[in-house]
Amino acid sequence: VTGRRASRRAKGEDLDLFGESAPPVESAPPPQVVSEYFVDDNQYPGESASSPVTVSVLTQTARDVIEGAFIPLWVRGEVTDFKAHRNGHWYFCLRDRAAQIRCVVWNRDQRGIPAPPDDGMQVVAFGRLTVYPTRGEMQFSITRIEAEGDGLRRKALEATRKRLEADGLLSIERKRALPRFPRVIAVVTSPDGAALHDIVAVTRQRAANVRLVLVPAKVQGDGAPGELRRALDRVNRWGEADLVIIGRGGGAREDLWAFNDERVARAVAACSVPTISAVGHEVDITICDLVADYRAPTPSAAAEAATRSRAELESELRKLSLRMAGSTRAQLRHRADALRHLGRDIVDASSDVMARRRTALQGVAGRLHALSPVATLARGYAVARDANGRTLGNAGSFTPGMPFDLIVQDGVVPAAVRATDGEHRDV
Amino acid sequence: VTFEERIARLEEIAAQLEGRDLELASALALFEEGVEQLRAAADELSRADTRLQKLVERVDGTFDVADTRE
């Protein structure tokens, strides 16, 4: 009677029953059936119609046998009928052309699986074969799944990327420019990884004038996302860095997984100073890379992008010096030219004036010459002057006996009027 | 004054010197300042040194930057 009821239930309430299943540790202890094993001294259970076993005994025994016969193992197959039940467990079938097996991934075993598989995915799954007595079915209880072509990780990555994109964290406009001359660079990475070594070496080699401040964090394994987030948080609270490099050297893809963590990506986006992500080798692009202000293909490249080499800076200074000297010289030349022009104008202007004056002077001189008594004297005339130098021009100016000078062409002749009281004669 | 500020000031000076309407006295003063800034920047460069330190958070949430031995 019990058996018939169980099989009816199995047919009637397929999915619900399926959902009722729970992890083995939480299931009720198997029914106590030991007393039913030996109904008769000479018969093993179920040997004859008079010694039947119950369905519970049957399925429980099958379970014991199967669990004892199989160690946990990897199985390959195609996923079908996937269902994430609201109780948190995943149910699906794995099948190939000829067979299928019911599978379950208990809620607590899902942590190690990047994303739930999709129907049609080719996967290999690691688990333990058991029997689910309530339904009398074999069930493969899975703890790890790897999809062909890393499909699950890609699916998880894509889902994370979509969420970050929806929040605008991947947009180009968000990208901040890196400081041209950073003084303090926070390096969030493992203290003993290759990344730190490379960053320090490249920075030294460039003789860049910076302080590199290591902010240690685990970069792979279980605690890595949390440590990376806390390190970024420290950089923010510390507040003295101009720039953050976050990264690690190359490794297997699962070693880089912490840099695909959504919360790490959000912490990078929330960083108060510009960020450079430098994760792994060139080909590995992580979610962190998408969110950071600058993505460097390697830690060495990050150091190069972050710092200016001494040679570069010196050449920059040289250029500035040349620019300044050149333009100052040009300013001076400009002024000197202006002065020269001004000078020439003044000279030009003044020589005009002089020329005009010279001409005027010559005119005056000509007239003066014409008027000069010297010229008249040269023609044989003489001029009489009194003792005071006044010209004696009229007969009336002369008195009898008066002395006077007679100016002739080449000298002065002392003379006197005759002392007689003579008549003036008209000329 | 940071190296970056110095370079920025130098660029400003160079740009001003390249301008047209500048009093001769200001031009010369700018040039003089530029030379001074250049000397200081070059000085700083010659002292260039890459230091590696480590950020340590104290229990009270304050920070200490310690030199590391590599």
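Naming: A, B, ... by sequence-line order, numbering from 1 per chain. Just so it is clear, the values below take in all heavy atoms, side chains as well, and ignore hydrogens, waters and symmetry mates. Keep in mind that what you see is a predicted model, and the values were worked out from it rather than measured.
- Using a 4.5 Å cut-off between heavy atoms, B/Leu30 does not touch chain A at all.
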Salt bridge (charged side-chain N to carboxylate O under 4.0 Å, His left out) between A/Arg180 and B/Glu11: does it pass, once the steps are laid out?
-> CA-CA 14 Å; A/Arg180 285 175 67 200; B/Glu11 271 163 0; 3.6 Å; yes
Stepwise side chain to side chain contact (heavy atoms under 4.5 Å, CB included) test for A/Leu214 and B/Leu55 | CA-CA 6 Å; A/Leu214 170 68; B/Leu55 187 66; over 6 Å; no
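- For B/Ala66, no part lies under 4.5 angstrom from a heavy atom of chain A.
- The neighbour count for A/Arg263 CZ, taken as heavy atoms of other residues, nucleotides or ligands under 6.0 Å away, does not exceed 12.
- Neither the backbone nor the side chain of B/Glu32 comes within contact range of chain A; no heavy atoms are under 4.5 Å apart.
- In this structure, chain A has heavy atoms under 4.5 Å from both the backbone and the side chain of B/Ser46.
- With a 6.0 Å radius and a threshold of 12 heavy atoms from other residues, nucleotides or ligands, A/Asp352 has its CG atom above the threshold.
- Put simply, the side chain of A/Thr203 does not reach to within 4.5 Å of the side chain of B/Leu52, judged on heavy atoms.
- The minimum heavy-atom distance between A/Ser327 and B/Ala14, with the atom names listed, is OG-O, 4.2 Å.
- A/Arg310 touches chain B through backbone and side chain together, each having a heavy atom under 4.5 Å away.
- Using a 4.5 Å cut-off between heavy atoms, A/His334 contacts chain B through its side chain alone, with no backbone atom that close.
- Heavy-atom distances place both the backbone and the side chain of A/Glu314 under 4.5 Å from chain B.
- For the atom pair B/Arg6 CZ and A/Phe181 CZ, the distance stands at 12.5 Å (nearest 0.5 Å).
- Contacts with chain A were tallied for B/Gln16, B/Gln53, B/Lys54; B/Gln53 has the most, counting heavy-atom pairs under 4.5 Å.
- Heavy-atom neighbours of A/Arg111 CZ from other residues, nucleotides or ligands within 6.0 Å: at or below the threshold of 12.
- Taken from CG in B/Leu22 to CD in A/Gln331, the straight-line distance is 5.0 Å, to the nearest 0.5 Å.
- Of the listed residues (A/Val235, A/Leu332, A/Thr307, A/Leu313), the one with the most heavy-atom contacts under 4.5 Å to chain B is A/Leu313.
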Decide yes or no on side chain to side chain contact (heavy atoms under 4.5 Å, CB included) for B/Leu10 and A/Leu317, but give the supporting numbers first.
-> CA-CA 9 Å; B/Leu10 276 167; A/Leu317 285 183; 4.1 Å; yes
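- With contacts defined as side-chain heavy-atom distances shorter than 4.5 Å, the pair B/Glu57/A/Arg230 does not qualify.
- Annotation: side chain of A/Glu316 is in contact with side chain of B/Ile7 (closest heavy-atom distance under 4.5 Å).
- Ring planes of A/Trp238 and B/Phe63: tilted class, angle from 30 to 60°.
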B/Ile13/A/Met324 under side chain to side chain contact (heavy atoms under 4.5 Å, CB included): CA gap, chis, key distance, verdict | CA-CA 7 Å; B/Ile13 288 172; A/Met324 270 181 19; 3.9 Å; yes
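- By the neighbour-count criterion of 12 heavy atoms within 6.0 Å, atom CZ of A/Arg163 is densely surrounded, having more than that number from other residues, nucleotides or ligands.
- Of the atoms belonging to A/Arg211, heavy atoms from both backbone and side chain fall under 4.5 Å from chain B.
- Contact of A/Arg237 with chain B is made through backbone and side chain together, with heavy-atom distances under 4.5 Å.
- Only the side chain of A/Pro216 has a heavy atom closer than 4.5 Å to any heavy atom of chain B.
- Proximity to chain A is absent for every atom of B/Gln37, based on heavy atoms less than 4.5 angstrom apart.
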